[in-house]
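Proteins get letters first, then strands, A, B, ... in listed order; numbering begins at 1 in each.
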There are 2 protein chains.
Amino acid sequence: MAETRWLDDDEQATWRAYLEGTRLLIHALDRQLETDSGVSFADYELLVLLSEAPGHRLRMRDLADASFTSRSGVTRAVTRLEDAGWVRRVECDDDRRGMHAELTEAGAAKLAAAAPGHVGAVREHMFDHLSQAEQAHIREAYTRMRAHLRP
Amino acid sequence: MAETRWLDDDEQATWRAYLEGTRLLIHALDRQLETDSGVSFADYELLVLLSEAPGHRLRMRDLADASFTSRSGVTRAVTRLEDAGWVRRVECDDDRRGMHAELTEAGAAKLAAAAPGHVGAVREHMFDHLSQAEQAHIREAYTRMRAHLRP
DNA sequence: ATGACATTGTTGCGCGGTCAACTATTCCCG
DNA sequence: CGGGAATAGTTGACCGCGCAACAATGTCAT
């Protein structure tokens, strides 16, 4: 068993700042969306994914993959969004097992109403604190990490 | 109402890479700890906080603040860790409302056993993909973000 | 064509988390 | 001092999520 290479002070500081900053950031974004628009961050992201998909619809499995959550999670989330009137289920005609989640007009309107506040919060809490160089480094580093973790 | 400044392409890419990379990273760390040591990432972090505290003990509220979770969450987590034998509750002598959570010897041993694998995973999934410059930029940026979000 | 195997979406179950309410205690100011 | 306000920790109700099991459907080699 190889000797453990512990984190040095700089690495420790990086790790803590990143973890804690991220936790605070996500929490702040969640609260902003919840109080200003009555949507959770998770649900908001599902609406975004649907809005970007061709035909404003996505297979359940694709929605699960794209949102980095489990299929059961998507099933329940879509049920929730369906009850809210923002999404409807549409049967898949080329695969009788399949289901599409499709953004409704109300869902699109909800998203349009919520987006400015959300983007404002993302700027206020993140991008306003990043120099161009920092942003570029973060983009490149996390793109690499993401590729490593999901090849 | 001011015009919304939407994210440009680079900002979009940064935001997505960061969010998705972070999700994958946390998930990977959680799985590593769970399968190799039978501890969740959240519980592991509580043990770390206690191990770093003077006397290996912390007031419940301080533990809640330091772990960025709610007090009820800490109450339940400590109960869980207590049942596992890794933590014990100790009454506070200068504040009869107060409670300390204190790391037991078994808890310290558990932590010592789990730490190398965890640090290895943090290196493998994060620091191994970061240049010195990137690490420094991330440290500075997130330190600033954290300070802004929790003054 | 057919039978083994894979995939899709849903569900029951349990876990872990927050919020609000509660009790006990401490703080603070008149 | 005394009494209202703040604080500490716990608990109950509830919610969202993942895992494993499931039925339904699709895929593919033979």
Run the side chain to side chain donor-acceptor pair (under 3.5 Å) test on Tyr44(B) and Ser37(B) for me, step by step, so that the C-alpha distance in whole Å, both residues' side-chain angles and the decisive distance to 0.1 Å come before the verdict. CA-CA 10 Å; Tyr44(B) 177 86; Ser37(B) 308; over 6 Å; no
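The distance from atom CG of Asp65(A) to atom C1' of dG9(C) is 13 Å, rounded to the nearest whole Å. Per the geometry, CD1 belonging to Ile26(A) stands 17 Å off C1' belonging to dT18(C), to the nearest Å. Atoms CE (Met60(A)) and P (dG18(D)) sit 13 Å apart, rounded to a whole Å. If you take CG of Asp93(A) and P of dT8(C), they are 16 Å apart, rounded to a whole angstrom. In this structure, CE of Met99(B) is placed 12 Å from C1' of dA24(C), rounded to the nearest angstrom. If you measure from atom CG of Asp94(A) to atom P of dG9(C), you get 11 Å, rounded to the nearest angstrom. One atom, CG of Leu63(A), and another, P of dC17(D), lie 12 Å apart when rounded to the nearest Å. Atom-to-atom, CD of Glu91(A) to P of dA24(D) comes out at 15 Å; the value is rounded to the nearest Å.
DNA chain C is contacted by both Phe68(B) and Arg61(A); Arg61(A) maps to the nucleotide lying nearer its 5′ end (nearest heavy atom per residue). Each of Arg96(A) and Val74(A) has a nearest nucleotide on DNA chain D; the 5'-most of these lies closest to Val74(A). Nearest-nucleotide positions on DNA chain D place Arg80(A) closer to the 5' end than the other of Arg97(A) and Arg80(A).
Between His118(A) and Phe41(A), the distance separating the two ring centers is shorter than 6.0 angstrom.
Among the nucleotides dA13(D), dT11(C), dG18(D), the one closest to any side-chain atom of Thr75(A) is dT11(C). Of the candidate nucleotides dC19(C), dG9(C), dT10(D), dC19(C) has the atom nearest to the side chain of Ser72(B). Across dC13(C), dT8(C), dT10(D), the shortest atom-to-atom separation from the side chain of Arg76(A) is found for dC13(C).
With a 4.5 Å cut-off on side-chain heavy atoms, Arg123(B) and Glu11(A) count as touching.
Within the 4.0 Å cut-off from OP1 or OP2 of dT10(D), at least one side-chain nitrogen or oxygen of Arg89(B) is found. A sub-4.0 Å separation between OP1 or OP2 of dT7(D) and a side-chain N or O of Arg59(B) is absent.
Contact check on Asp36(A) versus Arg31(A) returns no salt bridge, with no Lys/Arg side-chain nitrogen under 4.0 Å from an Asp/Glu carboxylate oxygen. One finds a salt bridge joining Arg16(A) and Glu52(B) here, because a Lys/Arg side-chain nitrogen approaches an Asp/Glu carboxylate oxygen to under 4.0 Å.
Looking at heavy-atom distances under 4.0 Å, Thr69(A) makes contact with sugar-phosphate atoms alone, never a base. Across all strands shown, Ala42(B) has heavy atoms under 4.0 Å from sugar-phosphate atoms exclusively, and none from any base.
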